[in-house]
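In what follows, chains carry the letters A, B, and so on, assigned in the order in which the sequence lines appear, proteins first and then strands, with residues in each chain numbered from 1.
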Amino acid sequence: MTVGRLVLIPALAFLALFFVYPLAAILSESLAPGGAFSLAPFETVLGDDFYLGRLWFTTWQAFASTALTLALGLPSAYVFARYDFPGKSLIRALTTIPFVLPVVVVAIAFTALLGPSGALNEALQAIFGLDEPPIRVLNTITVILLAHAFYNYTIVVRTVSALWANVDPRSEEAARMLGAGPLAVFRRVTLPQIAPAILSSALLVFMFCFTSFGVVLILGGPQFATLDATIYNLTARLFRLPLAAALAVVQIVFTLAVMWTYARLQARSAVPLNLQPQASALRRVRGRRERLLIGGNFAVVFCWLGAPLLALVERSFRGAEGYGVGFYAGLESNTRGELFFVSLSEALTNSLWFAATTVAIAVPLGTALAFAVARARGRWRALADALAMLPLGVSVITLAFGILIAFDTGVLDLRASWMIIVVAHTLIAYPFVMRSVLAVVRGIDERLREAAATLGASPRQTFRRIDLPIVSRATLVGATFAFAISIGDFGAALLLSRPEYATMNVAIFRYLGLAGAERLGAALAMSVVLMLVSGLGFLLIERLRYRDVGEF
Amino acid sequence: MAGSDAPPLLSVRDVRLRYGETPALGGVSLEVAEGEISAVIGPSGCGKTSLLRVTAGLERAESGEVWLDGRRIDAVPAHRRGIGLMFQELALFPHLDVESNVAFGLRMQGLGGAARADRVAEMLALVGLSGYGGRKVHELSGGERQRVALARSLAPRPRLLMLDEPVGALDRALREELLTELADILRSQGLTAIYVTHDQEEAFALADRVLVMEGGLARQSGRPEEIYGAPADAWVARFLGRTNLVAGELTPSGDGRARVRTPLGEFVVASAAAAPGPVTLLLGDERARVEPAEAGEESGAPMPDESVVTGEVVGRAFQGRRVRLRVRSGEAELAFAVDPPSGGGGWEVGDAVRVRLDPASIRVLPPEG
């Protein structure tokens, strides 16, 4: 038995048990609630204006969020692709921060900035002497779109600028020499060359927004709900599992269609462009117009990305009696005798423990699958590819819902176990590990293995001495992704965790559900701690990442 | 041709450009007459590509003027200048097929329908690629890409075509083939062209006039034979591959000749105008004769005032009709391409030889340094 199979068999068993089986459970719950075949759940879901309305809202808010994200991201992508300026890599790193922040932190940061007692309203009231807060965007679609764009901005910037930087600027100059004005150059030469990146990043953003849960739940309030939020409500509050299952099936069909389109576009964008080394395409910033363009771009980006986070930090130190660390101190002791109180240290311990366990399982799983996919041939390859990537096409809530209804009986009753959260996190995280490693495994020159073989190395030795050392860094990147995903997860933890296993995200959400400035302060303070912990993971990714490896 | 009364088609006057702190053009002028092919040569980084980009309108010069057809075009954007440019990297549009690449400029002119299709077909036929219209750019070989790039820049009938190292990336055999073809096409279309290259042989093969550039400055311009025969200074001579340079001290001898004392001995030169003082001598090998050093004076009648270099053969390379000998004389190493002696034999490494030079083949250049 080869090393590959030795690791692959447990990996596939894990996926069969914790991914395929829950999906089957969802299907059976939706088609045969209570054991007898019935289309009633689907008839309800697809015939009821309420559920159709949720589907319609989910779709159009995802479209609108994607459009806004593109509008904000494309100018920055151009600047990163074409110009060289001091501090560029730092600025690029900073623009990634929102993406690695937990949803809950983002939502709370927007509350801290734009809420009725948020920093912006307070400032405007003080300046213009107003009695009422002038900005009322909480619980509106505006703040949902803003938060989605805030979150996904860096996907557009990174994906598009990576390709744009490699578009030969001389092809644009050649067009000018052939009589094309600036607009014609962009439309006929630049745009067709960067279109694959724009489309694929747009699809990715669309999918993230389509399956958005935390942002909509926290910022949107009761009148807005995406499919995921509806599934959550049906499951956790209304206990109408067959309806939730039917909605989950609709959700899966929809996201898989998007995923499939995405994969097709990725394959098509592999048309060889006239790729130039990046340095040759980079220009120094010259003249007032260019300085204005770049300065203006970053001014907008920093205000919009930075302000919510600054507001979050500022508000977390601002109690009724002025600035202080009161909110932080209050995180440890249950002064009000709350029933489900979780102290900061408990929540932090839970979060870190789940993250560490997730890393320990997701890394070998993802690495084994990466090697399997890289070596698979023929129709095995399609199967391996699909199995490995499918979890990306299933939303976190759907995944958690499937696990919840699948493991509810007998020996397989995991509902009370902390393991159930780790299982969910592993399923969300391992595709990222796999993609990081796969990119490197596919890049290993076959001649290295051949050279090792001619030097007397057995396949096993070759694997240990050649393959593993080469992928070790990508594995580390994958591990960091897994860590960040587990630390940042809100949906799965909310749906699956028992009160005693509350993560920081769940604890923050609970604070938000309780009335009073004290509780909001506690949510702010714990969000800052959570931001710091996930920020550390982000720093690691940036330090370890190969250029363009581990890109989403 | 140069020197005619008609104003030049293109006139670039005292153009200056810098990238950041690095000066790229330090005041360069260039004139190209209608129907003339002009070459700009120089080592990489000499500013020749910058000169093209300023002329094309892709860079804005800090000072200086660009005139085309009697009109000042400094402020005219690149896409309205009517100048064609073939890039060194070709810059074919990777997302378009061959036909759409060639049709691009015609489309920009608003030419449509049959007229455009006809012109594309005509251009593809001209470069020998009829029937290639539907091919993808990445399916083409290096030589085919070159031809597509040429067809693309010719299609919109530019007033002036500029070519930046158009065959630079190809291997030698293909390069020579394409160069011949290119020369025929340019002549047959009656094009005015500027050809930029670092290879003087390409320039000489193609151009009516040559501008030699170095360090952002024009070193010399003239017809190819003028430049090769009478390089302006030691740098130009070296760049053209003429490396037999010797420093010396010139003394006029009053009879229209001068004597130059060098470490290799004394040379007689036919240079009446030269002022006394330090000079650099360029030793040519036209009519040079090589003989064994111990042969004495009896081997053939000496030319009048001929100069003689003695030394040791340190290398020989067979070049077809001639043999190139490297001769070490004192500190200097000189190279002479000479006819092999009739009746076989020849020189081997280690032979002591005497090289007799025709005074007309020795040029006096300004001193170096």
Side-chain angles (χ1 to χ4, degrees), chain A residues 82-86 160 163-200 265 267-291, chain B residues 17-22 49 52-53 55-60 62 76-96 100-111 136-140 145 148-149 151-158 160-164:
Chain A
R82 281 290 184 249
Y83 291 98
D84 196 16
F85 44 88
V160 177
L163 184 61
W164 205 333
N166 282 321
V167 168
D168 187 352
R170 272 164 296 237
S171 70
E172 292 160 1
E173 291 178 351
R176 285 169 72 192
M177 295 313 297
L178 292 165
L183 220 72
V185 170
F186 183 76
R187 201 164 66 80
R188 294 189 179 275
V189 176
T190 314
L191 192 58
Q193 292 187 75
I194 59 171
I198 295 180
L199 267 177
S200 71
L265 281 173
R268 246 186 44 193
S269 72
V271 168
L273 293 181
N274 193 9
L275 296 182
Q276 289 292 305
Q278 298 201 357
S280 77
L282 288 182
R283 298 170 38 137
R284 289 248 198 84
V285 183
R286 282 193 292 165
R288 194 156 25 130
R289 242 186 79 210
E290 294 187 357
R291 242 174 259 141
Chain B
L17 175 73
R18 57 174 71 235
Y19 295 117
E21 293 302 300
T22 333
T49 297
L52 277 203
R53 293 176 64 83
T55 310
L58 295 173
E59 301 280 351
R60 189 80 195 263
E62 275 157 47
V76 177
H79 61 282
R80 300 221 184 88
R81 288 195 179 188
I83 296 178
L85 173 56
M86 187 173 157
F87 288 80
Q88 180 174 7
E89 304 81 1
L90 305 182
L92 294 178
F93 304 128
H95 58 294
L96 300 179
S100 302
N101 262 282
V102 177
F104 192 94
L106 303 169
R107 196 186 287 274
M108 290 302 125
Q109 290 176 345
L111 192 66
K136 292 261 181 288
V137 165
H138 61 88
E139 295 167 357
L140 302 177
R145 283 174 204 215
V148 173
R152 184 179 71 174
S153 24
L154 289 175
R157 302 176 207 274
L160 169 73
L161 177 63
M162 307 197 291
L163 307 105
D164 189 1

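In this structure, B:Phe93 CZ and A:Leu178 CG are separated by 5.5 Å, a value rounded to the nearest 0.5 Å. Distance check: A:Arg176 CZ to B:Arg81 CZ gives 9.5 Å after rounding to the nearest 0.5 Å.
Contact count against chain A (heavy-atom pairs under 4.5 Å) is highest for B:His79 among B:His79, B:Arg107, B:Arg152, B:Arg53. Among A:Ala184, A:Ala195, A:Ala180, the residue with the largest count of heavy-atom pairs under 4.5 Å with chain B is A:Ala180.
Looking at every heavy atom in both residues, A:Ala174 comes nearest to B:Phe87 through CA-CE1, 3.4 Å.
Of the two parts of B:Pro77, neither the backbone nor the side chain holds a non-hydrogen atom closer than 4.5 Å to a non-hydrogen atom of chain A.
The closest side-chain heavy-atom distance from A:Arg188 to B:Leu96 is not below 4.5 Å. A:Met177 is not listed as a side-chain neighbour of B:Ser153, based on a closest heavy-atom distance of 4.5 Å or more.
Under the 3.5 Å distance criterion, the side-chain polar atoms of B:His95 are left unmatched by any main-chain donor or acceptor of A:Ile194.
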